[in-house]
Amino acid sequence: MAYRSTSILDGVSVTALQAQLVQMQQAYLQLTSGGKIESASYAQADGSRSITYTRANIADLTQAILAVQTQIDQLSGQRINRRRPLRPYF
């Protein structure tokens, strides 16, 4: 009997996962490059207003990206990360 681990992403199509992966990677690049605004203030006729966006935790975002990549790998049988396996030499 083959053991298959379950994931919170089970049931999501590969197409949807790939679209989400692109969005998450773009958000990661914007966060790491400083492209996301964290807070902004502006004035209106009835007074000043401000809005604050919370910065996503980059470590959590990285883990989510890796989880989506792993799920895509399992569903499609293709490897997203094309890194060669490490072989120890003695």
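Between Val22 and Gln18 there is no side-chain heavy-atom pair separated by less than 4.5 Å. Proximity of Gln71 to Asp10: side-chain heavy atoms (C-beta onward) are separated by under 4.5 Å at one or more points.
Heavy atoms only, all atoms of each residue included: Tyr28 and Ile65 are closest at CB-CD1, 4.0 Å. Nearest heavy-atom pair across Leu21 and Val68 is CB-CG1, 3.9 Å.
In this structure, Thr15 OG1 and Gln20 CD are separated by 13.5 Å, a value rounded to the nearest 0.5 Å.
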